[in-house]
Amino acid sequence: MYKTVPHSQSLMPHLHLQDLTKHFPGVTAVQSLWLEVQAGEILALLGPSGCGKSTTLQMIAGVVQPDSGTITLDGQILNRVPPERRDIALVLQRGLLFPHLTVGENVAFGLKMRGVGRAEREEKAIAMLLQVQLEGFAQRKPSELSGGQAQRVALARSLIIHPKLLLLDEPLSALDANLREEMQDLILRLQAQTGVTMLIVTHDQAEAVVMSQRIALMFDGCLRQVDTPEQIYQQPCDETVARFMGGVNFFAAEAHGRQWTLSTDLTLLSEYDHHGSIQVTIRPEQIQVFTEGRSQANTLPATVIANRFTGTQRRLTLAIAPELTLQAWVTPTQDFQIGQSVWAYLPPTALWYFPHSIVPHPVQVS
Ligand code: ADP
Ligand code: MG
């Protein structure tokens with residue numbers, strides 16, 4: 001049930017992390033981490049605060065040395081290559097622009113380091129500023145920029161050198177929600193234009209889902225699941241992953257092939273064949289609620305015991321049996337009264353399970 005990388009193994013991975021470990025006094029920040037990233041891919045490194053995301057990124061960038069393990073980019077082992085020779089750009093939560101340089105000089109800085117002449121630098125910096133929608137900002141000082149503008153400059157400064165790999169460490173977490181969405185679009189547009197391989201670190205599951213083609217989910221220094229956003233949502237490898245991705249419905253059952261019997265003696269039909277004790281989960285937005293009975297399988301009589309309007313959803317709590325309540329998130333136009341009798345339909349394709357006997361362990365991707 002533990003996932004491996006869905007990509008073809010015949011291609012040499014662009015970035016290959018093999019058995020990376022980093023200890024700090026009293027804490028193992030990263031433990032035996034294996035990960036492959038393909039050229040041009042966007043991968044989100046997701047996990048709660050303190051799980052080792054930044055340490056992983058810093059080891060790739062070369063600013064932190066791993067205790068053990070190997071970092072390979074395009075077939076070259078990077079462990080002993082200094083950061084400035086890695087062809088890797090790192091953007092942090094705050095851009096850390098040089099305050100005494102103009103915006104244009106900040107953007108052109110990497111070209112200057114590479115010996116590119118002034119006229120060419122200025123021309124490229126202006127073109128780059130146009131790409132991040134900061135036309136006319138070249139003469140400003142960083143102190144004259146808003147937080148979002150400073151992050152655009154940091155992106156422009158990173159991309160101007162055409163790095164092989166763009167690392168973003170929570171680049172949007174200091175920005176307010178509306179601006180964040182606009183910046184997410186901008187980053188995705190720049191990635192599509194340049195084709196740069198991108199690793200974005202975030203603790204925000206919604207951001208990881210919209211920003212990436214694959215998510216590497218990390219807890220306590222270990223990778224737990226590496227999959228597409230859809231798979232992580234719909235087929236989490238354990239309850240911790242499911243809860244981190246916003247799962248709220250969990251209940252025990254006994255699986256007899258595709259028939260799963262709940263402790264209430266209700267039986268659900270599933271797509272998955274299994275035998276033995278299981279923990280069942282279904283995402284709240286996948287439960288359908290009807291006011292009239294249907295003869296369809298997986299339709300359970302229920303009573304509405306809570307009804308919360310969130311603007312985009314109506315979040316219902318449904319009592320199925322004394323020991324079984326489920327959350328169903330329906331469209332806000334569907335209204336219900338507390339105490340109302342309804343039917344909850346749990347589509348077989350939406351049911352997922354974890355065998356009780358398996359203790360979660362880190363995924364090894366190699
Ligand atoms: P994240 O980015 O996921 O929030 P970090 O990689 O920053 O996590 O940190 C992982 C763990 O390593 C945390 O317990 C953190 O306190 C610890 N840590 C990170 N950097 C250092 C350091 N330079 N010295 C000591 N401990 C550190
Ligand atoms: Mg961090």
Side-chain angles (χ1 to χ4, degrees), residues 15-35 37 42-71 73 78-79 82-83 86 88-97 147-148 150-151 154-155 158 165-177 180 183-184 187 197-212 214-227 229 232 236-238 240-246 360-365:
L15 174 70
H16 198 180
L17 308 180
Q18 290 166 285
D19 207 9
L20 275 194
T21 294
K22 179 68 189 178
H23 302 279
F24 290 114
V27 58
T28 301
V30 175
Q31 170 117 49
S32 188
L33 185 142
W34 295 75
L35 185 67
V37 184
I42 311 175
L43 182 125
L45 195 52
L46 173 67
S49 179
C51 73
K53 306 181 295 296
S54 294
T55 304
T56 303
L57 226 57
Q58 286 163 2
M59 288 192 286
I60 300 169
V63 291
V64 164
Q65 279 305 311
D67 294 337
S68 58
T70 312
I71 302 163
L73 184 63
L78 291 186
N79 292 51
R86 290 192 180 195
I88 295 176
L90 175 61
V91 173
L92 303 174
Q93 186 179 347
R94 293 183 201 281
L96 302 181
L97 303 176
Q151 284 307 70
L155 279 168
S158 299
L165 185 59
L166 178 62
L167 305 175
L168 307 169
D169 193 349
E170 312 248 10
L172 309 179
S173 57
L175 308 178
D176 68 40
R180 233 176 4 235
M183 288 291 290
Q184 287 170 352
I187 292 173
T197 310
M198 195 170 102
L199 233 84
I200 179 166
V201 157
T202 177
H203 63 271
D204 176 350
Q205 48 102 354
E207 183 158 280
V209 168
V210 297
M211 289 296 287
S212 71
R214 276 192 311 150
I215 294 176
L217 185 50
M218 217 174 160
F219 292 102
D220 297 329
C222 297
L223 276 189
R224 187 71 68 83
Q225 185 167 0
V226 183
D227 257 326
I232 289 218
C237 70
D238 61 38
T240 313
V241 171
R243 286 192 187 279
F244 191 81
M245 298 307 290
H361 57 76
V363 65
Q364 178 166 318
V365 182

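Start at 1 and go down the list; that is how both ligands and their atoms are numbered.
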field: Sub-4.5 Å side-chain heavy-atom contact between Leu15 and Leu199
entry: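 Leu15 vs Leu199: side chains touch.
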
message: If the criterion is any heavy atom closer than 4.0 Å to an atom of ligand 1, which residues make the list?
response: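 Close residues (ligand 1, cut-off 4.0 Å): Phe24, Val27, Ala29, Pro48, Ser49, Gly50, Cys51, Gly52, Lys53, Ser54, Thr55.
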
field: Residue of the set Leu167, Leu43, Ile187, Val37 for which side-chain contact (heavy atoms from CB on, under 4.5 Å) holds with Met198
entry: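 Single side-chain contact (heavy atoms from CB on, under 4.5 Å) partner of Met198 among Leu167, Leu43, Ile187, Val37: Ile187.
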
task: Using side-chain contact (heavy atoms from CB on, under 4.5 Å) as the criterion, point out the one residue from Lys53, Met211, Gln184 that pairs with Ile200.
output: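 Single side-chain contact (heavy atoms from CB on, under 4.5 Å) partner of Ile200 among Lys53, Met211, Gln184: Met211.
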
field: Considering all heavy atoms, the nearest Leu166-Leu155 contact
entry: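 The answer is CD2-CD2, 4.5 Å.
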
task: Dump the intermediate steps for side-chain contact (heavy atoms from CB on, under 4.5 Å) on Met218 and Thr56, then the final yes or no.
output: CA-CA 10 Å; Met218 217 174 160; Thr56 303; 3.6 Å; yes

query: Does Ser54 put an N, O or S atom under 2.8 Å from the Mg ion (ligand 2)?
result: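 It does: Ser54 brings an N, O or S atom closer than 2.8 Å to the Mg ion (ligand 2).
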
query: Is a side-chain N or O of Asn79 found less than 3.5 angstrom from the main chain of Ile71, in a donor-acceptor match?
result: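 Answer holds: yes.
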
